[in-house]
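Notes to accompany the following structure.
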Amino acid sequence: LIGSLIIILDIFSSKRKLKTTYHQLVLGISIYDAISSLAYTFNTLMVPVKMGSYQVKGNDFTCTVQAFMLQLGSTSVIFNAILAIHFMLMINRNWKERDFIKLRLPLYISTSLVGLTMAIIGIPYYKPQISVCYVSVPPMSTWIPLIMLFSVPMAISLFAATVSLLMICRKVFSLELKTMKWSARADRSLSRKVFYQTLFYMLSCYGTVPWQHLAQYNRREWQGYSMIIGTAI
């Protein structure tokens, strides 16, 4: 939460950053991350007292609010995928900042509306889960709501980001091979640098998202680790 807020304040404090597509996308990621992080921060305080768990202080309304915030916060993964596509278009297609200007406002609005719509659709399925409130799972419901509201958007976003970053690596590597034909020195430092940057970027995603899936699909086993998982993500 603190990290997201620092990024938000840093971008808003600079008129130059506010005008660039890159910083606008990072701002979108940080805003929605802050929303979900705030929901995780309250943890059991928003879970209804009737659950009888440790430090539960909430009611049905606060439970719905927490789950709504968590679902709305997942919009950040869509912005994350768009950021990866943004890099791919700049490197692979030679797009300039001016090429994004006409597209970005409709893209930001549509992405936010998708996230908001999914959060609203999930309201009937938001239930207390001992230590946090989110989309209900068996035996209170079927797996379908969780799959459609959580797993499918997450999988599509990760797939888009992964493909975009792999395309960037392939492009940089092919350009470097062409350059080496006309150079006396065989230097692949650029492709290695891009590869490692891509690797670390994807590890930050694949190193956290699977844990969140485990927490959602095995809530009884992971019920005491919601704060740790939320902080990691």
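Judged by distance alone, the side chain of Gln71 and the main-chain N or O of Gly122 form no donor-acceptor pair under 3.5 Å. For the pair Asn92 (side chain) and Met167 (backbone), a donor-acceptor distance under 3.5 Å is present. The closest donor-acceptor contact from the side chain of Ser112 to the backbone of Ile109 lies at 3.5 Å or more, if one exists at all. At least one donor-acceptor pair under 3.5 Å links the side chain of Asp99 to the backbone N or O of Lys96.
Proximity of Met69 to Leu38: side-chain heavy atoms (C-beta onward) are separated by under 4.5 Å at one or more points.
Counting heavy-atom neighbours within 6.0 Å of Tyr125 OH, excluding the residue itself, gives a total of 12 or less. Around atom CD1 of Ile144, no more than 12 heavy atoms belonging to other residues, nucleotides or ligands sit under 6.0 Å away.
Partner of Asp33 under the side chain to side chain donor-acceptor pair (under 3.5 Å) criterion, chosen from Ser74, Ser4, Ser76: Ser76.
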Show the numbers, then the answer: is there a side-chain contact (heavy atoms from CB on, under 4.5 Å) between Phe12 and Leu27?
CA-CA 9 Å; Phe12 270 115; Leu27 180 63; 3.8 Å; yes

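Thr21 and Glu97 are linked by a side-chain donor-acceptor pair at a separation below 3.5 angstrom, with hydrogens and angles left out of the test. For the residue pair Asn59 and Lys57, no side-chain donor N or O sits within less than 3.5 Å of a side-chain acceptor on the partner.
Ring planes of Tyr134 and Tyr126: parallel class, angle under 30° (limits at 30 and 60°).
Taking Lys17 as the reference, Asp10 meet the salt bridge (charged side-chain N to carboxylate O under 4.0 Å, His left out) condition, with sequence neighbours excluded. For Tyr22, the ring pair (Phe, Tyr, Trp, His ring centres under 6.0 Å) test picks out Phe87, with sequence neighbours left out.
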